[in-house]
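Okay, structure first, notes after.
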Amino acid sequence: QVRLVESGGGSVQSGGSLRLSCAASGYTYSRYCMAWFRQAPGKEREGVAAIANSVETRYAESMKGRLTVSQDNAKNTLYLQMNSLVPEDTAMYYCAVDIDALGCTGSWSNLYLYDYWGQGTQVTVSS
C-alpha cells in the first residue's frame, strides 16, 4: 500500500529556510513523478515542485530560484529545500505521487494527476 508521510514544517522568520521531507513506501517511487503542493487558507492547492528519476525537476515559476527538490533513493524520501521564505509562503505543504505514468510532464502541477497524497506539514513564515 502506498503511503506518504511529510515532516519538517515549522515556524520561521522571513528570510529563513526549511527543508521538508516526504517518506514514501509501497512502491518504487523514483520512477514516478513526485510533487510538492501547498495550500494556504482560502486558496486553491498549487504545485510547487516536482521530480522524477532523481534528476528530472520542475518548479513553479513564482518560486523558482528559492527551491530545490531532491530524492534519496536509498531512504525512499523526497525533499524540498526552501530558502528566502516570505510570509506568502505560509501554507500546508503536501507531497503527492502520480503512479499512472513515468516521469513528470508539462502538466505536473495539475493536482488531479496525482494518485496518493500525504497528510501535509504546516509551514508558517512570520515577518
Side-chain angles (χ1 to χ4, degrees):
Q1 183 173 350
V2 175
R3 187 169 183 233
L4 303 174
V5 180
E6 302 96 334
S7 61
S11 297
V12 296
Q13 290 191 331
S14 186
S17 298
L18 280 174
R19 188 175 82 154
L20 307 183
S21 300
C22 173
S25 61
Y27 68 104
T28 306
Y29 81 110
S30 65
R31 303 172 61 194
Y32 302 114
C33 188
M34 290 197 74
W36 287 99
F37 285 77
R38 69 180 183 181
Q39 188 167 20
K43 294 189 176 181
E44 294 184 352
R45 192 169 297 192
E46 61 175 351
V48 171
I51 188 170
N53 299 308
S54 300
V55 295
E56 179 189 341
T57 58
R58 309 277 183 143
Y59 294 99
E61 284 298 321
S62 62
M63 299 185 72
K64 211 169 186 178
R66 300 194 293 123
L67 304 178
T68 303
V69 62
S70 61
Q71 289 175 311
D72 184 329
N73 292 341
K75 295 182 179 180
N76 282 3
T77 301
L78 174 73
Y79 300 102
L80 182 67
Q81 177 69 42
M82 303 189 295
N83 301 321
S84 302
L85 288 164
V86 295
E88 291 72 24
D89 294 320
T90 295
M92 185 72 79
Y93 285 71
Y94 300 89
C95 67
V97 62
D98 173 10
I99 63 170
D100 292 328
L102 300 180
C104 297
T105 70
S107 300
W108 69 268
S109 60
N110 180 352
L111 62 93
Y112 296 105
L113 292 179
Y114 295 87
D115 307 289
Y116 296 95
W117 293 81
Q119 83 290 348
T121 186
Q122 177 68 38
V123 171
T124 303
V125 184
S126 58
S127 57

- Query: Under 4.5 Å between any side-chain heavy atoms of Cys22 and Val5, yes or no?
  - Reply: no

- Task: Determine yes or no for a side-chain-to-main-chain donor-acceptor pair under 3.5 angstrom, with Asn53 supplying the side chain and Val55 the backbone.
- Result: no

- Note on the structure: Heavy-atom nearest pair, Tyr114 first then Cys33, reads OH-SG, 3.6 Å

- Nearest-0.5 Å distance, OG1 of residue Thr77 to CG of residue Asp72: 6.0 Å

- Query: Which of these, Val97, Leu111, Leu4, sits in a side-chain contact (heavy atoms from CB on, under 4.5 Å) with Trp117?
  - Reply: Leu111

In a table with atom names and distances, give each donor-acceptor pair under 3.5 Å that connects a side chain of residues 58-65 to protein atoms at least two apart or in another chain.
residue, atom, partner, partner atom, Å
Arg58, NH2, Cys104, O, 3.0
Tyr59, OH, Val69, N, 2.9

- Message: Tell me whether the count of non-hydrogen atoms from other residues, nucleotides or ligands lying under 6.0 Å of CD in Gln13 goes above 12.
- Response: no

- Message: Is there a path of hydrophobic side-chain contacts, each under 4.5 Å between heavy atoms, that joins Met34 and Trp108?
- Response: no

- Judged by atom type as modelled, is there a donor-acceptor pair below 3.5 Å linking the side chain of Glu6 to the main-chain atoms of Gln119? yes

- Query: Just checking, is any N or O donor in the side chain of Asn83 or Ser17 under 3.5 Å from an acceptor N or O on the other one?
  - Reply: yes

- State, with a plain yes or no, whether a side-chain heavy atom of Pro87 is found less than 4.5 Å away from one of Ser14. yes

- Task: Working to the nearest 0.5 Å, report the span between CG of Leu80 and CG of Leu18.
- Result: 9.5 Å

- Item | Step-by-step side-chain contact (heavy atoms from CB on, under 4.5 Å) determination, Val12 to Thr124 | CA-CA 6 Å; Val12 296; Thr124 303; over 6 Å; no

- Which atom names give the shortest non-hydrogen contact between Ala52 and Gly103, and what distance separates them? CB-CA, 3.6 Å

- Query: In terms of hydrophobic clusters joined by side-chain contacts under 4.5 Å, are Met82 and Ile51 together?
  - Reply: yes

- Message: side-chain contact (heavy atoms from CB on, under 4.5 Å), that's the test. Do Trp36 and Leu78 meet it? Break it down for me.
- Response: CA-CA 9 Å; Trp36 287 99; Leu78 174 73; 3.4 Å; yes

- Sequence neighbours left out, what pairs pass side chain to side chain donor-acceptor pair (under 3.5 Å) with at least one residue falling in residues 84-102? Arg38-Asp89, Arg38-Tyr93, Arg66-Asp89

- Please round to the nearest 0.5 Å and tell me the distance separating atom OG of Ser11 and atom CD of Gln122. 8.0 Å

- Message: Please determine whether residues Val86 and Val123 belong to a single hydrophobic cluster, defined as Ile, Leu, Val, Met, Phe, Trp and Tyr linked transitively by side-chain heavy-atom distances below 4.5 Å.
- Response: no

- Message: Distance alone, cut at 3.5 Å: any donor-acceptor contact between the side chains of Ser25 and Asn76?
- Response: no

- Given the rule that I, L, V, M, F, W and Y join up when any side-chain heavy atoms are under 4.5 Å apart, are Val48 and Tyr116 in one cluster? yes

- Item | Backbone N/O of Leu67 and side chain of Gln81: donor-acceptor pair under 3.5 Å | no

